[in-house]
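Everything on this sheet refers to the single structure shown next.
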Amino acid sequence: MLDCVVVGGGPAGLTAAIYLARFHLDVRVIDAGKSRAATIPMTRNHAGFPDGIAGTDLLARMRAQARRYGAELIRAEVAGLKGVAGGLHVSVGDEVIATRSVLLATGVVNRRPPISDDLHAAALARGLLRYCPICDGYEVTDCRVAVLGTGGHGTREAMFLRSYTADVTLIAPDGKHDLSPDERALLAKGEIVVVDGPARDFAIDGDQIRLRIAQRDWGFDSLYPALGSDINSELAIGLGAARSDEGCLIVDAHQRTNIARLYAAGDVVKGLDQISHAMGEGGVAATTIRNDLASEQALLRSAPDG
Ligand SMILES: Cc1cc2nc3c(=O)[nH]c(=O)nc-3n(C[C@H](O)[C@H](O)[C@H](O)COP(=O)(O)OP(=O)(O)OC[C@H]3O[C@@H](n4cnc5c(N)ncnc54)[C@H](O)[C@@H]3O)c2cc1C
């Protein structure tokens, strides 16, 4: 029986794996390979990298660090979890893995605007499409920015970006805006241009992303979709784990869910969706798992042979 299966190999899961392996525990990371961090062309707010680091490079470093201490990393998708006496069963394809604990670090998926995968990837790589104002609002200082969204979420994102640039346009994704009088007043105070959608015909044009609304073409230095996210929490919810209205897992101060031996960390838990936060929660979860396992069975190291 393994000590821990970590589901998800993003910043949260890999940080936990590094800690767990260095606690001399048997840990296997099972990762479907769709970390949001892998889509970051260059993160510039992650501490310790003053010149920035590409998300793929950061993940590669973390994987190497986890492997160095004995963590096993597998590329696969976990299909189900089941509670059993003294642990859990993790289903991956035809295999069932027995483990004393599971850490879910499965993240979230951003809802995308209606554009092709190729265009999406190209625009993301060039910073024409951005998903995280906290991460990279600095990079659009004094630029021409659009937010694709409406309601409270769209208003908050547009107002957040307004502290970086005076040129912000809020575009309704589907048609007419759904804005309360208070939201409209706030947007007017911020001198944010409010445009009904839908936006279509997205394209890269030189250094801008272009789109068409009715008969008019618009060009922006960056477009931020504010369309919400889908939370990868189904595995835990299937076991009866508590979640928020949006589907984020609810944990205690030590990353325990309400299900015995099931822990969660990173974006799948409600919090600041950032690498630093995911890593912090991964470290807390791993230490809790270690201490919970030790409380039921003393973790005593044998003397080396000879
Ligand atoms: C474009 C973009 C730019 C960003 N820029 C920054 C930035 O500059 N700074 C910053 O701090 N943050 C940034 N972020 C946010 C950051 O990427 C996330 O906060 C971080 O990746 C969360 O880590 P995580 O480990 O919780 O989840 P993730 O990194 O998303 O990893 C979750 C992993 O779990 C896997 N998984 C899900 N379900 C299963 C399953 N059933 N079985 C197996 N594996 C599964 C997924 O495939 C994925 O690999 C950015 C995000 C985006 C989208």
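By convention here, the first residue in the shown sequence is residue 1. Counting convention: from 1, in listed order, for ligands and their atoms alike. Remember, it's a predicted structure, so these values are computed and weren't measured experimentally.
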Which heavy atom of the protein is the closest neighbour of [atom], given with residue, atom name and distance?
atom	result
atom 35 (C) of ligand 1	Asp31 OD1, 3.3 Å
atom 47 (O) of ligand 1	Lys34 N, 2.8 Å
atom 6 (C) of ligand 1	Cys135 SG, 3.0 Å
atom 20 (C) of ligand 1	Asp267 OD2, 3.8 Å
atom 37 (C) of ligand 1	Thr106 O, 3.3 Å
atom 42 (N) of ligand 1	Val78 N, 2.9 Å
atom 8 (O) of ligand 1	Thr43 OG1, 2.8 Å
atom 30 (O) of ligand 1	Arg36 N, 3.0 Å

Numbered atoms of ligand 1 (with element) below 4.0 Å of [X], judged on heavy atoms:
X	answer
Leu235	41 (N)
Ala105	32 (C), 33 (C), 34 (O)
Ala32	43 (C), 44 (N), 45 (C), 47 (O)
Gly33	47 (O), 49 (O)
Ala12	25 (O), 26 (O)
Asn110	53 (C)
Gly10	25 (O), 29 (O), 31 (O)
Ala278	23 (O)

Checklist entry - Got a second to check how far Arg44's CZ is from Cys135's SG, nearest 0.5 Å? => result 12.5 Å
I want to check something: taking the side chain as every heavy atom from C-beta on, are [X] and [Y] in contact at a cut-off of under 4.5 Å?
X	Y	value
Leu59	Leu14	yes
Leu129	Pro225	yes
Ile53	Arg61	yes

Residues [X], [Y]: salt bridge by 4.0 Å N-O rule:
X	Y	result
Arg144	Asp221	no
Arg210	Asp217	no
Glu234	Arg243	no
Arg126	Asp207	yes

Using non-hydrogen atoms of the residue, decide whether [X] is closer than 4.0 angstrom to ligand 1.
X	result
Asn45	yes
His46	no
Ala76	yes

Next on the checklist: If we count only N and O atoms by modelled type, under 3.5 Å, do the side chains of Asp136 and Tyr131 hold a donor and an acceptor together?
Outcome noted: no
Checklist entry - Without hydrogens or angle criteria, can the side chains of Gln274 and Asp267 be said to hold a donor-acceptor pair below 3.5 Å? => result no
Ligand 1 to [X] polar contact by distance, N or O atoms, under 3.5 Å:
X	result
Gln274	yes
Gly266	no
Cys132	no

Item to check | Option of least heavy-atom distance to atom 34 (O) of ligand 1 (set: Gly107, Gly52, Gly13, Gly8) | outcome: Gly8
Checklist entry - Which option out of Val108, Val6, Thr39, Leu104 puts a heavy atom nearest to atom 52 (C) of ligand 1? => result Thr39
Item to check | Under-4.0 Å heavy-atom contact with ligand 1, by part of Val268 that carries it | outcome: neither
Donor-acceptor pairs under 3.5 Å, side chain of residues 64-72 to any protein atom, not counting sequence neighbours: which ones?
unit_1 : atom_1 : unit_2 : atom_2 : d
Tyr69  : OH     : Arg22  : NH1    : 3.4
Glu72  : OE1    : Arg28  : NE     : 3.0

Checklist entry - With a cut-off of 6.0 Å (strictly less than), are more than 12 heavy atoms of other residues, nucleotides or ligands near CZ of Phe49? => result yes
Checklist entry - For residues 147-160, which residue pairs qualify under side-chain hydrogen bond (donor to acceptor under 3.5 Å, both in side chains), counting only residues two or more places apart or in two chains? => result Thr150-His177
Next on the checklist: Would you call the rings of Trp218 and Phe220 parallel, tilted or perpendicular, taking 30° and 60° as the class edges?
Outcome noted: parallel
